Amino acid sequence: MIYFRDGGFIEDAVSLDLAQPAFRTGFGFFETICWNGNKLCHLDLHLDRARMSLEQFGISEQVLDYETVINDVLSANDLENEFARVNIFFPVEEGRTVPLVCAVPFEYIPKRTWTLKPCPHVFLSPLMAHKSTNRMDYQNAWQDALADGFNDALLLDFDGNVLESSFASLMFRKGDSFYETQTAYKLPGTARTIAARNIEINKLNINLAQIGCFDYVYALNSLGGMIPVTAVGGIEFEADFYFAEKVSAAVLELEFIS
């Protein structure tokens with residue numbers, strides 16, 4: 001893999017100062033952006049979110065023409081005509097970040113579904129509102145869910161209230177009304193922001209014990225779009241592909257065929 005950092009292209013190895021917090025504690029942020037084979041999707045939303053985190057933590061950012069650099073990285077990795085996952089990493093060293101841009105192939109699967117396993121462990125931190133590179137808890141929750149045959153983990157607070165999944169925002173539907181979880185302990189998802197341009201989304205405290213009262217559940221992220229959830233633990237749901245594909249087309253900037 002060829003990536004870009006500090007004015008040049010580098011292959012494979014990443015150099016970090018062992019004495020700095022980026023290496024020692026995972027201090028930094030990142031964004032995951034979809035390249036749909038023709039277009040970079042919603043770069044502005046991702047940069048806005050990253051810069052909000054950088055500003056809150058007092059971190060200065062090396063100036064970069066991200067769109068040009070990303071296109072050059074895609075070309076260097078022969079990904080111009082393929083679906084790809086683009087990442088911008090913001091490792092923090094001495095109070096500033098020199099962003100790293102990379103891209104790898106990603107297989108987008110239409111009409112896929114997810115199942116979620118309620119995570120048995122609770123972790124709450126203000127960092128949950130930021131896309132931090134310190135994500136060991138999320139990784140462990142996801143791996144535990146995979147080991148039990150699920151696609152992802154459902155994260156909960158100490159009272160059993162739903163937060164998000166390890167890799168996605170969540171949305172719930174009852175009749176014609178859509179809901180998202182009301183909590184400070186989740187990431188402000190870009191896919192959720194795009195979905196909200198098309199539908200009204202209400203905020204609600206949603207406890208795990210209430211999950212079964214909803215008609216549909218969806219997971220949303222920048223690479224998968226909107227994915228119908230067919231099970232949360234032992235509770236099953238029907239898959240609403242029509243609405244999911246409509247929102248996915250907006251998230252991934254693809255043509256929607258009704």
Side-chain angles (χ1 to χ4, degrees), residues 31-42 45-46 74 79-87 103-119 138 141-155 162 164-181 186-187 189-201 206 211-258:
E31 289 293 329
T32 301
I33 306 157
C34 171
W35 168 258
N36 67 12
N38 182 58
K39 186 175 183 179
L40 194 61
C41 301
H42 311 289
L45 290 179
H46 290 278
L74 289 164
L79 293 171
E80 304 103 309
N81 301 312
E82 295 185 38
F83 205 99
R85 183 187 76 214
V86 175
N87 281 118
V104 295
F106 182 86
E107 183 183 9
Y108 169 61
I109 305 174
K111 292 187 180 296
R112 72 179 301 184
T113 60
W114 271 13
T115 57
L116 301 177
K117 176 188 175 182
C119 182
Y138 295 90
W142 173 65
Q143 288 181 330
D144 178 68
L146 286 185
D148 281 349
F150 294 85
N151 298 105
D152 200 359
L154 179 75
L155 307 182
V162 174
E164 57 187 343
S165 86
S166 300
F167 289 108
S169 301
L170 298 176
M171 189 182 300
F172 302 82
R173 180 178 174 187
K174 178 73 172 178
D176 294 327
S177 297
F178 295 85
Y179 302 92
E180 64 171 316
T181 55
K186 70 173 183 179
L187 188 71
T190 56
R192 177 263 172 222
T193 298
I194 297 158
R197 295 172 178 173
N198 299 280
I199 57 172
E200 180 180 354
I201 305 174
I206 300 173
I211 289 283
C213 75
F214 292 98
D215 299 322
Y216 303 100
V217 180
Y218 313 88
L220 299 96
N221 67 27
S222 297
L223 290 176
M226 182 178 238
I227 305 167
V229 173
T230 56
V232 176
I235 304 172
E236 297 184 349
F237 298 91
E238 292 185 17
D240 171 20
F241 287 115
Y242 176 82
F243 186 79
E245 289 184 354
K246 185 176 182 179
V247 173
S248 292
V251 172
L252 305 175
E253 301 203 50
L254 302 170
E255 181 180 0
F256 174 64
I257 302 175
S258 60

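Not measured: the values here are computed from a predicted model.
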A.B. asks: I want to check something: taking the side chain as every heavy atom from C-beta on, are I206 and I211 in contact at a cut-off of under 4.5 Å?
C.D. replies: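 Yes; the side chains approach each other to less than 4.5 Å.
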A.B. asks: Let me confirm one number: the CG-OH distance from L187 to Y138, rounded to the nearest 0.5 Å.
C.D. replies: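 If we round to the nearest 0.5 Å, L187:CG and Y138:OH are 7.5 Å apart.
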A.B. asks: Decide side-chain contact (heavy atoms from CB on, under 4.5 Å) for F237 and Y216; before the verdict, give the C-alpha distance in whole Å, the side-chain angles of both, and the deciding distance to 0.1 Å.
C.D. replies: CA-CA 6 Å; F237 298 91; Y216 303 100; 5.9 Å; no
A.B. asks: Output the distance between atom SG (C119) and atom CG (D144), rounded to the nearest 0.5 Å.
C.D. replies: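 Reported to 0.5 Å precision, the distance equals 6.5 Å.
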A.B. asks: Going by heavy atoms in the side chains, are P105 and L79 under 4.5 Å from each other?
C.D. replies: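 Counting from C-beta outward, P105 and L79 do come under 4.5 Å.
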A.B. asks: Treating N221 as the side-chain partner and L223 as the backbone partner, does any N or O pair qualify as donor plus acceptor under 3.5 Å?
C.D. replies: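 Between the backbone of L223 and the side chain of N221 there is a qualifying donor-acceptor contact (under 3.5 Å).
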A.B. asks: Evaluate the side-chain contact (heavy atoms from CB on, under 4.5 Å) criterion for residues V162 and L154: first the C-alpha distance (whole Å), next the side-chain angles of each, then the deciding distance (0.1 Å), finally the verdict.
C.D. replies: CA-CA 7 Å; V162 174; L154 179 75; 3.7 Å; yes
A.B. asks: Over 60° means perpendicular and under 30° means parallel, so tell me whether F214 and F172 are parallel, tilted or perpendicular.
C.D. replies: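 Correct class here is tilted.
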A.B. asks: With a 4.5 Å limit on heavy-atom distance, are the side chains of I227 and Y218 in contact?
C.D. replies: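 Not in contact.
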A.B. asks: How long is the straight-line distance from SG of C41 back to NE2 of H46, given to the nearest 0.5 Å?
C.D. replies: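 Between atom NE2 of H46 and atom SG of C41 there are 8.0 Å.
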A.B. asks: Between R173 and Y179, is a side-chain contact (heavy atoms from CB on, under 4.5 Å) present by the stated rule, with each step listed?
C.D. replies: CA-CA 6 Å; R173 180 178 174 187; Y179 302 92; over 6 Å; no
A.B. asks: Report yes or no: do N36 and Y108 form a side-chain donor-acceptor pair below 3.5 Å?
C.D. replies: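 No, Y108 and N36 have no side-chain donor paired with an acceptor closer than 3.5 Å.
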A.B. asks: Does the side chain of L170 reach to within under 4.5 Å of the side chain of L220, using non-hydrogen atoms?
C.D. replies: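 They are not in side-chain contact.
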A.B. asks: Can you check whether M171 reaches E180 side chain to side chain, under 4.5 Å on heavy atoms?
C.D. replies: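 In short, these two side chains do not touch, never coming nearer than 4.5 Å.
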A.B. asks: Would you say the side chain of I194 lies within less than 4.5 Å of the side chain of L45, judging by non-hydrogen atoms?
C.D. replies: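 Yes - at least one pair of side-chain heavy atoms lies under 4.5 Å apart.
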A.B. asks: Between K117 (side chain) and D148 (backbone), is there a donor-acceptor pair under 3.5 Å?
C.D. replies: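 The answer is no, because no donor-acceptor pair under 3.5 Å joins these two groups.
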A.B. asks: I'd like to know if the side chain of N87 reaches the main chain of E31, judged simply by a donor and an acceptor atom lying under 3.5 Å from each other, with no hydrogens or angles considered.
C.D. replies: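 Yes; at least one donor-acceptor contact below 3.5 Å.
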A.B. asks: Side chains of S166 and L155: closer than 4.5 Å at any heavy-atom pair?
C.D. replies: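 Yes, side chains in contact.
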A.B. asks: Evaluate T32 against R85 for side-chain contact (heavy atoms from CB on, under 4.5 Å), listing each step before the verdict.
C.D. replies: CA-CA 7 Å; T32 301; R85 183 187 76 214; 3.5 Å; yes
A.B. asks: For T181, is there any backbone N or O sitting under 3.5 Å from a side-chain donor or acceptor partner on K186?
C.D. replies: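 Yes; at least one donor-acceptor contact below 3.5 Å.
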A.B. asks: Could you check whether any side-chain N or O of H42 sits under 3.5 Å from a backbone N or O of T190, counting only pairs where one atom can act as donor and the other as acceptor?
C.D. replies: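 Not a single qualifying donor-acceptor pair exists.
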A.B. asks: Say whether, by atom type as modelled, one donor and one acceptor occur between the side chain of W35 and the main chain of E80 under 3.5 angstrom.
C.D. replies: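 Checking the backbone N and O of E80 against the side chain of W35, a donor-acceptor pair under 3.5 Å is found.
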A.B. asks: Side-chain contact test, heavy atoms from C-beta onward, threshold under 4.5 Å: evaluate it for D240 versus P228 and give yes or no.
C.D. replies: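 No - every pair of side-chain heavy atoms lies 4.5 Å or more apart.
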A.B. asks: With a 6.0 Å cut-off on ring centres, are F178 and F243 close enough?
C.D. replies: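 Between F243 and F178, which both carry aromatic rings, the centre distance is below 6.0 Å.
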A.B. asks: Are W142 and F167 near enough that their ring centres are under 6.0 Å apart?
C.D. replies: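 Centroid separation for W142 and F167: below 6.0 Å.
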A.B. asks: Look at the side chain of N151 and the backbone N and O of T115, then say whether any donor-acceptor pair between them is shorter than 3.5 Å.
C.D. replies: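 The answer is yes, because a donor-acceptor pair under 3.5 Å joins these two groups.
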A.B. asks: Taking all non-hydrogen atoms of both residues, which atom of A250 and which atom of N198 are closest, and how far apart?
C.D. replies: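 Result for this residue pair: CB-ND2, 4.0 Å.
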